[in-house]
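First the structure, in the form of structure tokens, and then the observations on it.
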Amino acid sequence: KALNLAVNKQEITNSIFLGRGEPAVVPWIPPGSTFMPADLKPYPFDPKEARKLLAEAGYPGGRGFPTITARLVPFPGRAEQVDVAEAVAGYWEKNLGLKVKRQVMDWPALAQKLKVRDEAGIIWAYGTIPRPVGEPVVSMASWLASGARYDAIGEIPEIDRLNDAIVKEPDARKRKLRYRDLARYIYDNYLVVPIAAVDAQYAVN
């Protein structure tokens, strides 16, 4: 939670994405969509509370907190994700006193590392191209569940259960409710640092 509250998502949206987006709530599910619980709002920027929480966890001023590795990776079609990861690292250093090591690599190198299940203290900015699909789980399939191609969110039994509930639900109305359950779990447990929901341009025909 402290790591989330120490990052100014609105400022990143305005500067890196030039205001062409809005602060995200959870990954892959657009703010305001029928898949998102209406009461969930982007995490606030509250560095004072973030420092308090970190101190309560035994890391006052960031002292004793393990060094974080920030992988600076320009994703295909989202080269600005290097700047996003750099901005997040800067907020953590400035607001929490954490130590962040930068590691530059390309997407193929990161893709291989995402298959390793025992790495900790690693962050990267995951920049996706919004796809015009009616089911967010289509795009979530590569990283969400424990058996996914890339272990991007963690091996969490409750995430697996919620993912299965979405995939196995044939009723569209009930499926939207299951999406909302998933969004709320990710949100309530601060599993990611959502930055911005940004549209992409498509050429058709």
Side-chain angles (χ1 to χ4, degrees), residues 1-13 15-17 23-28 42-43 45-47 49-129 139-140 142-156 159-160 185-187 189-198:
K1 183 176 181 179
L3 296 179
N4 252 299
L5 298 183
V7 176
N8 191 332
K9 291 90 171 179
Q10 183 66 66
E11 189 171 84
I12 293 176
T13 302
S15 60
I16 296 176
F17 296 104
V25 181
V26 296
W28 283 111
Y43 300 127
F45 176 53
D46 191 344
E49 178 66 13
R51 286 190 290 272
K52 177 175 175 285
L53 291 170
L54 199 64
E56 289 174 353
Y59 305 105
R63 292 187 296 277
F65 198 91
T67 298
I68 296 172
T69 297
R71 288 177 173 157
L72 309 181
V73 183
F75 280 76
R78 286 291 195 211
E80 70 276 8
Q81 296 312 306
V82 169
D83 296 329
V84 173
E86 184 64 65
V88 170
Y91 280 118
W92 288 345
E93 290 169 330
K94 177 182 178 182
N95 294 317
L96 299 177
L98 302 184
K99 295 178 180 178
V100 183
K101 173 186 174 183
R102 277 70 163 175
Q103 185 178 50
V104 179
M105 62 176 58
D106 59 13
W107 164 242
L110 177 63
Q112 290 302 313
K113 289 184 174 294
L114 290 181
K115 297 175 183 177
V116 178
R117 304 282 170 164
D118 59 355
E119 289 191 310
I122 306 290
I123 68 107
W124 64 94
Y126 189 25
T128 62
I129 300 296
S139 297
M140 300 162 92
S142 65
W143 65 267
L144 182 64
S146 297
R149 181 186 313 134
Y150 306 121
D151 185 24
I153 200 169
E155 296 183 11
I156 304 171
I159 289 287
D160 292 342
Y185 184 84
I186 293 173
Y187 183 90
N189 289 280
Y190 297 89
L191 297 179
V192 297
V193 181
I195 301 295
V198 183

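For the single chain, residues carry numbers from 1 onward in sequence order. Every heavy atom of this structure was used, including side-chain atoms; hydrogens, water molecules and symmetry mates were not.
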Q: Test L110 against W107 for side-chain contact (heavy atoms from CB on, under 4.5 Å), laying out the working first.
A: CA-CA 5 Å; L110 177 63; W107 164 242; 4.2 Å; yes
**Q.** Residues I156, N189; criterion side-chain contact (heavy atoms from CB on, under 4.5 Å); working and verdict
**A.** CA-CA 11 Å; I156 304 171; N189 289 280; over 6 Å; no
Q) Can you name the nearest heavy-atom pair linking K9 to V193, along with the distance? A) CE-CG1, 4.0 Å
Q.
So does T69 get a backbone contact from the side chain of R71, meaning a donor-acceptor N/O pair under 3.5 Å?
A. no
Q: Measure the spacing between CG of D46 and CG of N8 and express it to the nearest 0.5 Å.
A: 11.0 Å
Q: Can you measure from CD1 (I123) to CD (Q103) and round to the nearest 0.5 angstrom?
A: 11.0 Å
Q. What heavy-atom pair brings I12 and V84 nearest, and what distance separates the two atoms?
A. CG2-CG2, 4.4 Å
**Q.** Side-chain donor or acceptor of N95 paired with backbone N/O of A6 under 3.5 Å
**A.** yes
**Q.** Trace of the side-chain contact (heavy atoms from CB on, under 4.5 Å) decision for L191 with I159
**A.** CA-CA 11 Å; L191 297 179; I159 289 287; 4.0 Å; yes
Q | Taking every non-hydrogen atom, the tightest pair across Y43 and V192 | A | CE1-O, 4.2 Å
(Q) Could you walk me through whether R51 and L96 satisfy the side-chain contact (heavy atoms from CB on, under 4.5 Å) test, starting with their C-alpha distance in whole Å, then the side-chain angles of each, then the deciding distance to 0.1 Å, before giving a yes or no? (A) CA-CA 6 Å; R51 286 190 290 272; L96 299 177; 4.0 Å; yes
Q. Between CH2 of W92 and CD1 of I68, what distance do you get to the nearest 0.5 Å?
A. 5.0 Å
Q) Looking at side-chain heavy atoms only, is the closest gap between M105 and W124 below 4.5 Å? A) no
Q: Using the six-membered ring wherever Trp is involved, compare the ring planes of W28 and W143 and label them parallel, tilted or perpendicular (cut-offs 30° and 60°).
A: parallel
Q.
Any side-chain to backbone donor/acceptor pair from D160 onto S146? Under 3.5 Å, distance only.
A. yes
Q.
Show the nearest heavy-atom pair for residues P74 and V82, with the distance to one decimal.
A. N-CG2, 3.5 Å
Q) Between Y126 and F75, how do the two ring planes meet: parallel, tilted or perpendicular, split at 30° and 60°? A) tilted
Q) In Å and rounded to the nearest 0.5 Å, what is the CD to CD1 distance from E11 to I195? A) 11.5 Å
Q. Shortest non-hydrogen contact from L72 to A85?
A. CD2-CB, 3.7 Å
Q: Work out which heavy atom in A24 is nearest to a heavy atom in P42; give both atom names and the distance.
A: O-CB, 3.8 Å
Q) Going from NZ on K1 to CG on L3, what distance comes out if it is rounded to the nearest 0.5 angstrom? A) 12.5 Å
